[in-house]
Amino acid sequence: MTVDGEQRTAAQGSTAADLYAGRRDVVAARIGGVLRDLSTPLAEGDVVEAVPVGSPEGLEVLRHSTAHVLAQAVQQLHPSARLGIGPPVRDGFYYDFDAEVPFTPEDLKELTAAMARIVKEGQTFRRRTVTDEQAREELAAEPYKLELVELKGRAGDGADAAEGASVEVGAGELTIYDNVRRDGTVAWKDLCRGPHVPSTRVLGNGWALTRTAAAYWRGDQANAQLQRVYGTAWPTKDELRAHQERLAEAERRDHRRLGAELDLFSFPEEVGSGLAVFHPRGGVIRRAMEDYSRRRHEEDGYEFVYSPHITKGALFETSGHLDWYADGMYPPMHLDEERGEDGAVRRQGQDYYLKPMNCPMHNLIYAARGRSYRELPLRLFEFGTVYRYEKSGVVHGLTRARGFTQDDAHIYVTPEQLASELRALLDFVLGLLRDYGLDDFYLELSTRNPAKSVGTDESWQVATDALTEAAAGSGLELVPDPGGAAFYGPKISVQARDAIGRTWQMSTIQVDLNLPERFDLTYTAADGSKQRPIMIHRALFGSIERFFAVLLEHYAGVMPPWLAPVQVVGVPVAGEFAPHLHDVAARLRAQGVRVEVDDSDDRMQKKIRTHAKAKVPFVLIAGGEDVAAGAVSFRYRDGTQDNGVPVEEAVARVVEAVRSRVQV
RNA sequence: GCCAGCAUGGCGCAACUGGUAGCGCACCUGUCUUGUAAACAGGGGGUUGUGGGUUCGAGUCCCACUGCUGGCUCCA
């Protein structure tokens with residue numbers, strides 16, 4: 001047989017476990033290309049590869065096995081709990097249960113203790129094949145597992161019955177895993193495709209339960225709600241700790257936390273859920289972001305428009321938004337209705353809606369007069385604030401708000417212009433994102449969902465082809481997202497990875513042949529005929545508030561100087577040196593630098609601490625030596641110093657850092 | 001919207017099984033002021049998210065609402 005690329009012979013009846021007896025890190029084997037348990041007997045000619053616990057597949061096996069131990073613990077402590085699905089997920093696993101009483105944090109502690117006992121006991125996972133018949137019999141008390149068995153019998157193989165279901169029932173035969181105690185008795189069993197680690201001991205102490213949550217059976221809101229327990233699992237305790245440290249780092253960067261700490265924005269309860277107010281310091285950052293974007297758009301041929309926040313409902317009937325998204329819109333205000341004394345309507349009222357989108361307004365601007373092909377591409381841009389009635393459970397800081405401002409542009413082109421405009425647009429978008437400090441991207445192509453879309457197949461094909469071509473031209477990885485498009489057209493979205501590796505959906509570019517139709521938009525072509533323009537929707541930040549949050553988390557609040565609320569603070573070593581710093585500050589201010597001098601009666605060390613915590617990019621310190629030399633001393637945010645820098649040079653250094661938008 | 005948890009001065013937290021609110025930072029006042037992350041002293045500030053209930057008595061118990069957190073569903 002072939003073992004990890006080498007020819008070897010093995011005794012009759014030996015297993016993969018025998019081959020890797022000396023390697024404790026091997027948790028499974030790939031035999032003939034299929035992931036199998038180590039206990040699998042080998043046959044002549046088998047091609048065997050080790051699956052180490054640290055490999056992506058090894059981690060999945062480890063995590064899935066940990067999920068089994070969790071389920072065993074749950075049924076041990078809560079015998080009436082019925083089993084749902086328990087797959088591995090990123091960094092860990094979950095298992096869903098139909099439990100009479102929802103789990104509490106205390107339950108989590110008890111479950112952890114019960115799991116630790118099972119792990120320590122060293123139960124082995126034993127695989128056996130069962131017929132559908134046997135499975136139905138053995139799982140008579142597990143209605144959810146039965147449902148998976150039934151689904152397997154129907155179209156497909158059941159693996160697509162629900163997210164994660166593939167770990168329970170694979171293609172072909174059904175298998176049940178018994179958890180066997182040392183004395184040979186069966187502690188617990190579960191319908192499962194496997195494979196599993198050989199013994200619960202392998203799990204060691206590299207796992208932890210993290211939280212409980214509710215989840216709908218098979219991911220459908222119409223189904224029963226199950227109790228989900230999440231956990232994380234790693235090959236070693238050190239790796240578990242490292243993972244927990246990464247979570248702690250993400251928490252330290254949380255924009256909601258930094259927003260309060262740095263006095264940038266808040267969500268007053270009096271205003272309403274999901275509605276932010278920006279404080280002066282947050283306002284500076286936001287304005288710097290917007291100003292730069294505005295300038296770049298001007299340079300790239302965009303024209304700026306403005307539109308109201310509220311409109312009559314008919315506009316959203318024309319656009320189709322009321323058909324598709326009425327639930328996500330704030331309910332209408334019914335205005336102007338008059339009734340007689342008999343209660344009968346004398347004058348018909350009107351429904352007004354807060355706008356959830358800017359595009360219908362921009363279409364009206366386009367349609368305000370006849371358009372010539374000479375005007376195209378016509379690029380209309382607006383920082384347009386929109387309002388969406390997000391469901392209460394999804395509102396999340398600035399990243400999922402009920403009121404937010406899109407940097408929204410609609411570009412009207414002739415069919416001939418579409419391809420080149422898209423290509424240029426993608427360049428423009430990526431370039432601008434890089435200027436804000438993001439530089440690791442991939443693209444996603446969201447295509448038509450037939451159940452949720454309007455328009456002809458041809459128009460969707462044209463639009464999708466144009467986007468695919470533009471994406472290919474960028475050289476970036478393109479991930480398909482079938483059915484992910486909005487109702488009016490396909491889209492490319494730019495996904496950006498931040499400083500700690502998380503990905504965020506940033507810009508979107510959508511090609512739309514449907515709204516121009518609905519709004520009956522036309523232009524006069526060179527031959528005098530009326531033609532239909534194609535519309536491109538694009539948002540670069542998506543939402544300014546959300547982009548603000550992403551940048552804040554990306555930089556962990558340590559904003560590059562051009563975005564920092566206060567760019568320079570002068571700290572005199574003693575009060576008598578303050579005038580020197582005020583002179584320096586005046587020179588900086590004349591160059592547009594946001595600078596303050598700390599005249600408070602704190603001691604110098606305290607002032608440094610204060611401004612370090614505020615993450616001010618440049619602290620300029622001046623004492624007797626600096627004044628005598630006509631210099632200042634730099635203290636950077638990482639604690640490094642550059643002392644005795646001549647004032648002229650210091651000013652130039654700060655101005656250049658701001659101008660070039662570098663991080664310091 | 002659903003499930004669970006949480007809500008105490010601006011921020012972070014404390015107050016045993018119900019006995020009438022305290023600390024640190026921040027803020028204000030005064031004194032102090034020479035080299036890179038916290039000088040010292042004093043002071044002000046909370047009807048414990050809102051409304052109702054139980055109780056002799058509620059920050060602590062119950063109900064509703066509002067908001068937040070973590071998931072699920074959703075995200076034009």
Side-chain angles (χ1 to χ4, degrees), chain A residues 94 96 99 101-108 163 210-230 254 256-257 260-261 263 266-274 316 319-329 355-360 386 388-397 399-400 406 408 452 484-489 491 505 508 510 512 515 537 539 542-543 571-578 600-613 619-627 633-637 639-644:
Chain A
Y94 66 79
D96 288 343
V101 184
F103 297 125
T104 64
E106 281 70 52
D107 289 327
L108 231 49
E163 188 202 4
T210 48
R211 55 181 159 266
T212 58
Y216 300 105
W217 169 239
R218 294 173 59 202
D220 188 336
Q221 206 169 165
N223 288 340
Q225 199 163 48
L226 305 182
Q227 292 298 311
R228 176 170 294 180
V229 178
Y230 278 96
D254 191 310
R256 296 165 299 183
R257 178 194 181 110
E261 277 174 12
D263 193 17
S266 60
F267 294 89
E269 193 178 325
E270 294 85 337
V271 178
S273 179
F316 294 118
S319 69
H321 286 99
L322 268 173
D323 290 341
W324 296 97
Y325 299 112
D327 286 350
M329 291 166 65
K355 67 172 169 180
M357 285 290 272
N358 300 302
C359 43
V386 298
R388 298 180 182 177
Y389 192 71
E390 299 286 2
K391 286 188 285 186
S392 60
V394 307
V395 171
H396 181 93
T399 58
R400 193 82 182 269
Q406 296 181 311
D408 208 1
K452 282 174 71 178
F487 71 88
Y488 48 79
K491 79 173 174 204
Q505 177 177 311
T508 59
Q510 295 168 272
D512 181 359
L515 286 187
H537 305 242
S543 131
V571 172
V573 169
E576 62 179 286
F577 309 116
S600 71
D601 51 11
D602 285 332
R603 284 170 133 76
M604 180 198 61
Q605 288 85 345
K606 178 59 185 294
K607 292 181 183 182
I608 287 168
R609 175 179 157 87
T610 301
H611 303 114
K613 287 181 72 172
V619 174
L620 297 186
I621 296 167
E625 293 166 29
D626 296 292
V627 172
S633 294
F634 279 79
R635 183 193 157 92
Y636 292 95
R637 287 177 289 199
T640 57
Q641 308 176 23
D642 193 0
N643 296 335

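Below, chains carry the letters A, B, ... as their sequence lines are ordered, and counting in each starts from 1.
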Side chain of Val395(A) - closest among C68(B), C72(B), A76(B): C68(B)
Length of the CD-P vector between Gln227(A) and C2(B), whole Å: 15 Å
Select base, sugar-phosphate, or nothing to describe what Glu390(A) touches, counting heavy atoms under 4.0 Å on all strands. nothing
Check if the side chain of Asp626(A) and the base of G35(B) share a donor-acceptor pair of N or O atoms closer than 3.5 Å. yes
Any side-chain heavy atom of Arg388(A) within less than 4.5 Å of one from Tyr325(A)? no
Indicate the atoms forming the closest heavy-atom contact of His611(A) with Val571(A), along with that distance. ND1-CG2, 3.9 Å
NZ/NE/NH1/NH2 to OD/OE distance under 4.0 Å, Asp602(A) and Lys607(A): no
Suppose you measure atom P in C16(B) against the same atom in G49(B); what distance do you get, rounded to whole Å? 16 Å
Which nucleotide wins on minimum distance to the side chain of Gln221(A), given the candidates G1(B), C72(B), A39(B)? G1(B)
Will you find, in the side chains of Gln227(A) and Asp96(A), an N or O donor that is under 3.5 Å from an N or O acceptor? no
Those stems involving RNA chain B that have three or more consecutive Watson-Crick or G-U pairs, both distances under 3.5 Å, are B:1-7 with B:66-72, B:10-13 with B:22-25, B:27-31 with B:39-43, B:49-53 with B:61-65
Look at the side chain of Ser633(A) against the base of G35(B) and say whether a donor-acceptor pair falls under 3.5 Å; ignore hydrogens and angles. yes
Pairing of Arg218(A) and Asp220(A) as salt bridge, 4.0 angstrom limit: no
Under 4.0 Å from OP1 or OP2 of G1(B): is there any side-chain N or O of Ser392(A) that close? yes
Per Ala213(A) side chain, nearest of listed nucleotides G71(B), U36(B), A76(B): G71(B)
The side chain of Tyr216(A) lies closest to which of these nucleotides: G35(B), C2(B), U34(B)? C2(B)
Would one find a side-chain N or O of Lys452(A) under 4.0 angstrom from OP1 or OP2 of C75(B)? yes
Touch class at under 4.0 angstrom, heavy-atom based, for Asp220(A) against every strand present: nothing
How is Pro356(A) classified with respect to the nucleic acid when contacts are heavy atoms under 4.0 Å: base, sugar-phosphate, or nothing? base
Span that lies between the C1' atom of G57(B) and that of C40(B), in whole angstrom: 43 Å
Applying a 4.0 Å non-hydrogen cut-off, can you work out what Gly639(A) is touching in the nucleic acid: base, sugar-phosphate, or nothing? nothing
Trp217(A) to Asn223(A) - nearest heavy-atom pair and separation: O-ND2, 2.8 Å
Closest to the Gln225(A) side chain: G70(B), A76(B), C3(B)? C3(B)
Looking only at N and O atoms, is any donor in the side chain of Arg400(A) or the base of C75(B) less than 3.5 Å from an acceptor on the other one? yes
Select base, sugar-phosphate, or nothing to describe what Gly274(A) touches, counting heavy atoms under 4.0 Å on all strands. sugar-phosphate
His321(A) backbone acceptor or donor facing Ser319(A) side chain under 3.5 Å: yes
With no angle test and no hydrogens, is the base of C25(B) tied to the side chain of Arg609(A) by a donor-acceptor pair under 3.5 Å? no
Rounding to an integer number of angstrom, what distance separates C23(B) and G46(B) when you compare their P atoms? 15 Å
Here the distance between atom C1' of G12(B) and atom CD of Glu261(A), to the nearest Å, is 10 Å
Can you tell me, in whole Å, how much space there is between the P of C56(B) and that of A14(B)? 31 Å
I want to check one thing: is the phosphate of G35(B), taken as OP1 and OP2, less than 4.0 Å away from some side-chain N or O of Arg603(A)? no
Heavy atoms, side chains only, cut-off 4.5 Å: are Phe316(A) and Met329(A) in contact? yes
So what does Ser273(A) touch, heavy atoms closer than 4.0 Å: a base, only the sugar-phosphate, or nothing? sugar-phosphate
Which atom pairs link the protein and nucleotides 26-31 of chain B when you take only N or O atoms and keep those under 3.5 Å?
{"unit_1": "A26(B)", "atom_1": "OP1", "unit_2": "Lys606(A)", "atom_2": "NZ", "d": "2.5"}

Between Asp327(A) and Pro102(A), who's closer to the 5' end of RNA chain B by nearest nucleotide? Pro102(A)
Could you give the distance separating A15(B) and U20(B) at their C1' atoms, to the nearest angstrom? 12 Å
Determine, stepwise, if the pair Asn643(A) / Gln641(A) fulfils side-chain hydrogen bond (donor to acceptor under 3.5 Å, both in side chains). CA-CA 6 Å; Asn643(A) 296 335; Gln641(A) 308 176 23; 3.1 Å; yes
Atom CH2 of Trp217(A) and atom C1' of U73(B): how far apart are they, to the nearest Å? 16 Å
Protein-nucleotide distance (Met604(A), atom CE; U33(B), atom P), rounded to Å: 15 Å
Please report, rounded to the nearest Å, how far the P atom of G70(B) is from the CZ atom of Arg257(A). 13 Å
Distance check needed: A37(B) P versus Tyr636(A) OH, whole Å only. 16 Å
Taking every heavy atom of Val395(A) against every heavy atom of Ser273(A), the minimum-distance pair comes out as CG1-OG, 3.8 Å
Which nucleotide in the list G70(B), C74(B), G71(B) gets nearest to the side chain of Arg256(A)? G70(B)
Of the options G71(B), U34(B), A76(B), whose atoms approach the side-chain atoms of Tyr488(A) most closely? A76(B)
Can you tell me how far P of C11(B) sits from NZ of Lys613(A), to the nearest Å? 15 Å
For nucleotides U29(B) and C68(B), find the distance between their C1' atoms and express it as a whole number of Å. 37 Å
Does Lys391(A) get its side chain close enough to the base of U73(B), under 3.5 Å, for a donor-acceptor pair? yes
To the side chain of Arg211(A), which of G71(B), C74(B), A76(B) is closest? G71(B)
Write down the distance between OH (Tyr230(A)) and C1' (G70(B)), rounded to a whole number of angstrom. 10 Å
Any Phe634(A) side-chain heavy atom under 4.5 Å of Val619(A) side chain: no
RNA chain B: Thr104(A) or Phe634(A), which has the more 5' nearest nucleotide? Thr104(A)
Strictly distance-based, threshold 3.5 Å: is any side-chain N or O of Arg211(A) a donor or acceptor partner for the main-chain N or O of Tyr230(A)? no
Phosphate-side-chain proximity, His396(A) and G70(B), N/O vs OP1/OP2 below 4.0 Å: yes
Considering only heavy side-chain atoms of Ala486(A), the closest of A76(B), C2(B), C74(B) is A76(B)
Distance, P atom - from C61(B) to G18(B), rounded to whole angstrom: 8 Å
Looking across every strand, which nucleic acid part, if any, lies under 4.0 Å from Ala215(A) by heavy atom: base, sugar-phosphate, or nothing? sugar-phosphate
When the C1' atoms of C28(B) and G35(B) are compared, how many Å lie between them, rounded to an integer? 29 Å
Give a yes or no answer on whether the side chain of Thr640(A) reaches the backbone of Tyr636(A) with a donor-acceptor pair at less than 3.5 Å. no
